[in-house]
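Structure, as structure tokens:
Position 1 is the first residue of the sequence, and the numbers go up from there. In this text the structure is predicted, and so the values were computed from the model without any measurement.
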Amino acid sequence: MSVVADEVRAVARPAVRLRSDRGDLLPLEVDRWYAEPSDAEHEVLSRAIPPVLDVGCGPARHTLALRARGVPAVGVDVAAGAVRVARGRGAPVLHRSVFDRLPNEGAWGTALLLDGNIGIGGDPVSLLARIRRVLRSRGRVLLELDRPGTPTDSFLARIEGSGSGSWFPWARVGTDAIATVAREAGLVLREVWEADDRWFGCLDRRPP
């Protein structure tokens with residue numbers, strides 16, 4: 001969700017929310033983005049194969065946690081404010097889109113898509129297909145999903161608080177649909193699990 005970090009900085013905290021263009025309100029865990037990773041998140045990170053690309057890293061708590069374990073990790077984010085914060089905390093972060101040229105393409109062991117970042121760009125299949133190209137053979141994607149029964153869809157969204165940010169494309173993927181979405185992107189679902197009332201998944205990149 002850090003792709004919208006600059007928009008969050010433009011409205012009052014902590015009363016911020018994400019609204020779709022259909023009027024739905026979706027949860028935002030802004031405080032979590034700046035906190036230490038939870039036990040559930042550490043469980044996800046323990047599955048990472050180095051080196052790790054933290055997509056939509058925001059303030060880079062996952063990048064920093066991995067590096068504290070001795071795991072090479074780099075963040076990438078389009079939000080200038082988030083990149084400044086992350087770099088100020090000592091995290092190596094690229095200020096660009098995941099769809100731009102990235103270093104070491106085809107050599108990353110793991111890509112992280114946590115905090116709802118499967119929604120980046122509003123097209124989960126295109127996003128995962130792009131990430132597949134930056135992973136090495138037998139690399140993996142570790143991602144956060146919506147709970148079972150959540151519709152998988154794409155929409156426009158904006159951050160609202162004391163003011164409103166601009167509209168941007170976003171998406172959500174429920175656990176029920178991730179196997180199909182992964183297959184369309186050239187990936188294979190390894191597992192889905194629940195921890196602390198959050199849902200996570202692991203996708204594999206098979207050799208050509």
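No path of Ile, Leu, Val, Met, Phe, Trp and Tyr side chains, each step under 4.5 Å between heavy atoms, connects Leu135 with Ile49, placing them in separate hydrophobic clusters. Val85 and Val76 fall within a single hydrophobic cluster, where Ile, Leu, Val, Met, Phe, Trp and Tyr side chains are chained together by heavy-atom contacts under 4.5 Å. Hydrophobic clustering of Ile, Leu, Val, Met, Phe, Trp and Tyr side chains at less than 4.5 Å, counting indirect connections, keeps Trp33 apart from Leu64. Follow the hydrophobic side-chain contacts under 4.5 Å out from Leu45 and you reach Phe200 in the same cluster.
To the nearest 0.5 Å, atom CD1 of residue Ile120 and atom CZ of residue Phe168 are 10.5 Å apart. Taking CG from Leu18 and CG from Leu25, the interatomic distance works out to 8.5 Å, rounded to the nearest 0.5 Å. In this structure, CD1 on Ile178 lies 8.0 Å from OG1 on Thr152, to the nearest 0.5 angstrom. Rounding to the nearest 0.5 angstrom, the gap separating the CG atom in Leu143 from the CG atom in Leu128 is 7.0 Å. Between atom OG1 of residue Thr110 and atom CD1 of residue Ile131 there is a gap of 11.5 Å, rounded to the nearest 0.5 Å. Atom CH2 of residue Trp199 and atom OG1 of residue Thr150 lie 10.0 Å apart, to the nearest 0.5 angstrom.
Heavy atoms only, all atoms of each residue included: Pro92 and Ala73 are closest at CG-O, 3.5 Å. When every heavy atom of Arg136 is checked against every heavy atom of Pro51, the shortest pair comes out as NH1-CD, 4.0 Å. Among all heavy-atom pairs drawn from Pro169 and Gly121, the shortest one is CB-O, 3.7 Å. Closest approach of Gly122 to Ser154, counting heavy atoms only: O-OG, 2.6 Å.
Arg67 pairs by the side chain to side chain donor-acceptor pair (under 3.5 Å) definition with nothing, not counting sequence neighbours. For Arg140, there are no salt bridge (charged side-chain N to carboxylate O under 4.0 Å, His left out) partners at least two apart in sequence or on another chain. The side chain to side chain donor-acceptor pair (under 3.5 Å) test applied to His42 returns Arg69, not counting sequence neighbours.
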Which pairs would a plain distance check flag for residues 97-107, meaning a side-chain donor or acceptor within less than 3.5 Å of a matching protein atom at least two apart in sequence or in another chain?
{"residue": "Ser97", "atom": "OG", "partner": "Phe99", "partner atom": "N", "Å": "3.0"}
{"residue": "Asp100", "atom": "OD2", "partner": "Ser97", "partner atom": "N", "Å": "3.1"}
{"residue": "Arg101", "atom": "NH1", "partner": "Glu105", "partner atom": "OE1", "Å": "3.4"}
{"residue": "Glu105", "atom": "OE1", "partner": "Arg130", "partner atom": "NH1", "Å": "3.1"}
{"residue": "Glu105", "atom": "OE2", "partner": "Leu102", "partner atom": "N", "Å": "2.9"}
{"residue": "Glu105", "atom": "OE2", "partner": "Arg130", "partner atom": "NH2", "Å": "2.6"}

Atom pairs and distances, side-chain donor-acceptor, residues 181-188, under 3.5 Å, sequence neighbours left out:
none

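A salt bridge does not link Asp24 to Arg19: none of the charged side-chain nitrogens sits closer than 4.0 Å to a carboxylate oxygen. A salt bridge links Glu144 with Arg198: the distance from a Lys NZ or Arg NE/NH1/NH2 to an Asp or Glu carboxylate oxygen falls below 4.0 Å. Ion pair Arg190/Asp204 flagged as a salt bridge, since at least one NZ, NE, NH1 or NH2 atom sits closer than 4.0 Å to an Asp/Glu carboxylate oxygen.
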Pair Glu36-Glu41, side chain to side chain contact (heavy atoms under 4.5 Å, CB included): steps then yes or no: CA-CA 9 Å; Glu36 291 296 315; Glu41 291 168 323; over 6 Å; no
Might you work through the salt bridge (Lys or Arg N to Asp or Glu O under 4.0 Å) test for Arg61 and Asp115, ending with a clear yes or no? CA-CA 11 Å; Arg61 72 185 189 279; Asp115 296 325; 2.9 Å; yes
Test side chain to side chain contact (heavy atoms under 4.5 Å, CB included) on Arg87 and His95 and set out the steps. CA-CA 10 Å; Arg87 289 176 177 172; His95 182 202; 4.1 Å; yes
Under the salt bridge (Lys or Arg N to Asp or Glu O under 4.0 Å) rule, what do Arg22 and Asp153 come out as? Steps first, then yes or no, please. CA-CA 12 Å; Arg22 296 167 300 200; Asp153 56 1; 2.8 Å; yes
Check step by step if side chain to side chain contact (heavy atoms under 4.5 Å, CB included) holds for Leu28 and Ile159. CA-CA 9 Å; Leu28 280 181; Ile159 299 295; 3.4 Å; yes
Just do the side chain to side chain contact (heavy atoms under 4.5 Å, CB included) check on Arg96 and Val78 with the steps written out, would you? CA-CA 5 Å; Arg96 67 189 69 173; Val78 298; over 6 Å; no
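A donor-acceptor pair is defined here as one N or O able to donate and one able to accept, closer than 3.5 Å; such a pair exists between the side chain of Glu194 and the backbone of Asp197. In this structure a side-chain-to-backbone donor-acceptor pair under 3.5 Å is present from Asp77 to Gly58. Not a single donor-acceptor pair under 3.5 Å links the side chain of His62 to the backbone N or O of Asp54. Panel note: side chain Asp176, backbone Gly149; a donor-acceptor pair is recorded below 3.5 Å.
Grouping Ile, Leu, Val, Met, Phe, Trp and Tyr by side-chain contacts under 4.5 Å, direct or through others, puts Val93 with Val83.
Counting heavy atoms from C-beta outward, Pro59 and Arg84 have side chains that stay 4.5 Å or more apart. Looking only at side-chain heavy atoms (C-beta outward), Leu142 and Leu113 stay at 4.5 Å or farther from each other. Val55 has its side chain out of reach of Leu112: every pair of non-hydrogen atoms, C-beta onward, lies at least 4.5 Å apart. Arg205 has its side chain out of reach of Arg138: every pair of non-hydrogen atoms, C-beta onward, lies at least 4.5 Å apart.
In Glu191, the CD atom is crowded: over 12 heavy atoms of neighbouring residues, nucleotides or ligands sit closer than 6.0 Å.
For the pair Arg47 and Trp193, the distance from NZ or CZ to the six-membered ring centre is under 6.0 Å and the angle to the ring normal is within 45 degrees.
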